[in-house]
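Take a look at the structure set out below.
Throughout, a chain's letter reflects where its sequence line sits, starting with A, and its residues are numbered from 1. The shown structure was predicted, so the numbers you read here are calculated from the model rather than taken from an experiment.
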Amino acid sequence: MTPKRMPGASGCWPRKSRMRAAAAAVSSMPMANVGLRRRLRYYRAFTFRVHTLARTRLRSMAILSVKQALAGSTPKDTPVEIRGWVRTRRDSKAGLSFVNLTDGSCFASLQVVAPATLPNYASEVQKLSAGCSIIARGTLVPSQGKGQAFELQATAIEVPGFVDEPDTYPIQPKQHSPEFLREVAHLRPRTNLFGAVSRVRHTMMTAIHRHLSEQGFVWVNTPLITTSDAEGAGDMFRVSTLDLANPPRDAGGTIDFRRDFFGREAFLTVSGQLNVEAYCLALSKVYTFGPTFRAENSNTPRHLAEFWMCEPELAFADLAADADCAEAFLKAIFKAVLEERADDMAFFAERVQKDAVTRLEKFIAAPFERVDYTDAIAALQKSGQKFEFPVDWGVDLQTEHERWLAETHVGRPVVVMNYPEKIKAFYMRLNDDGKTVAAMDVLAPGIGEIIGGSQREERLDYLDRRMAQFGLDPAHYQWYRDLRRYGTVPHAGFGLGFERLVVYVCGLSNIRDAIPYPRTPGHAEF
RNA sequence: GCCCGAAUAGCUCAGCUGGUUAGAGCACUAGACUGUUAAUCUGGGGGUCGUAGGUUCGAGUCCUACUUCGGGCGCCA
């Protein structure tokens, strides 16, 4: 009776048609002189589908996720096995207990009906508390109670792991504060909130890869370790194998990094953009998406020392094409979330932020507005609004300005383009007016800036001038300059801080809840 | 890095202007009841009030320092 695992994409019990297909596959194998059993075994090993034999000979059970069980596609009276963790247990004097079980496969939990006739009912089932792991076997039946369509009528319940000291188990069937849950980051994925965030995060991540791939982008894995000593995006974490207590020093007494692991100073990357530009000027449409590190001492709900960043880059593209790309990109992600994680989004709308779903729908529905920085400044000045920070041509937009533009002035996402060159990075392309660069920010209601991008300076003489202006040593950027010497083309790209988008989609208020194990100044527990 | 706020049971919180044995809900536990739904009802165990000093006859309640958490700002994605 040992249950056999039944892999396969669907995971549901084999239908007759599928068995017929299996038989056909077996008979078509070029092994006429091989016995049926061996041919079957061959087929089984080949396809990883054990159920054909399992049903007739091993009498084992289909192993279903809670999601599959609740889908209701399992034929009646089919024995199934479902594994997970207990959320709640309710006993009934009618001679049964209700055990709510989750396995993370979907937002909902499965109600397991455990009759008092189970041999371990008193000894184990009635001792189940939140967090216990269980393996439940039985059949899926329409629920007699309200609140769920299906439930598992259990014939056996195994308990691989009870919860030690249930009275101090941190995860209770109630609302916990995010602050408290951060202290138990290893247990918080068991809560509704973090289960939902985890699934949505996954969906967003796969949606990004899927969308960009469909658009012809190639995922380029740019390095996490960099030796550029000034990428201009902030403080960096040093990567070194030198003995901190006794580093090698040169004659002058300064630390001799020539004797470090890479023969020079090395750091964790703050952006993959420069590296990915090189691949852009060969593969046309590329993106980098991976961990990024900033050693800034930033203590806010919007900053992490380690976060994930996605940076698409397009060759033969100007700023307008860049903005179009960013718009399609964001809409594809939100669309995927709404379609694939409706259950989790409904939870966010109910418990976290009322308009969690509607604002994504609005975001998708209308085209983004495009506005020039200069016009945006004029609109802000004419607004009559009192801003904490004064508005003047030449200043960077503060969050309050960005939100007014997106929420009040336009009422939907807006792309602000062509910022003063003085407030933007060295690699951004100088416009013909000589005082602005082809930079753009996508501003969204309720959050402010969510994407920043630019057309890159593809003219070497202009790039050199910009680098000198920023005090950067061209010697450190020879390979980057090469890209302008050998077949340069106009190109553009943008960057998305992935966790900030997760925060927005889920309606969270702190970025530390958008990543499983947040790293911030003073914090790298777990 | 700067400014502000908070710290009372496992969790979420109450505790007024300092005054005898510190309260509630959830969780845990015992019982009642029930095809239950973060079930309900009754009882029980559990905290000396972040840490260290100080003021006072007396401090959870006032003061100081420290620690931790949170918020705002800066830096930014």
Legend entry - E499(A)/R201(A) ion pair, N-O < 4.0 Å: yes
Legend entry - Residues R429(A), D318(A): salt bridge by 4.0 Å N-O rule: no
May I ask you to verify whether the side chain of [X] and the base of [N] hold a donor-acceptor pair under 3.5 Å?
| X | N | answer |
| --- | --- | --- |
| H303(A) | C76(B) | yes |
| S298(A) | C75(B) | yes |
| E151(A) | G35(B) | yes |

Would you say [X] places a side-chain N or O within less than 4.0 Å of OP1 or OP2 belonging to [N]?
| X | N | result |
| --- | --- | --- |
| R89(A) | U37(B) | no |
| R182(A) | G70(B) | yes |
| S92(A) | U34(B) | no |
| N510(A) | G71(B) | yes |
| S97(A) | U36(B) | no |
| R294(A) | C76(B) | no |

Under 4.0 Å, heavy atoms only, any strand: does [X] hit a base, just the sugar-phosphate, or nothing?
| X | answer |
| --- | --- |
| Y504(A) | nothing |
| Q111(A) | base |
| Q144(A) | base |

Inset, instruction - Provide the distance between the two P atoms, one in G60(B) and one in A22(B), to the nearest whole Å. - result: 10 Å
Legend entry - U29(B) to U51(B) separation - P atoms, rounded to the nearest Å: 29 Å
Legend entry - Shortest side-chain distance from Q172(A), nucleotide among C11(B), U36(B), G70(B): C11(B)
Inset, instruction - Choose from G10(B), G35(B), C28(B) the nucleotide whose nearest atom is closest to any side-chain atom of T168(A). - result: G10(B)
Legend entry - Centroid-centroid under 6.0 Å between F293(A) and F267(A) rings: no
Legend entry - Member of F289(A), F217(A), F329(A) meeting the ring-ring contact (aromatic ring centres under 6.0 Å, His included) criterion with H209(A): F289(A)
Legend entry - 5′-ward residue of the pair E525(A)/Q148(A) relative to RNA chain B: Q148(A)
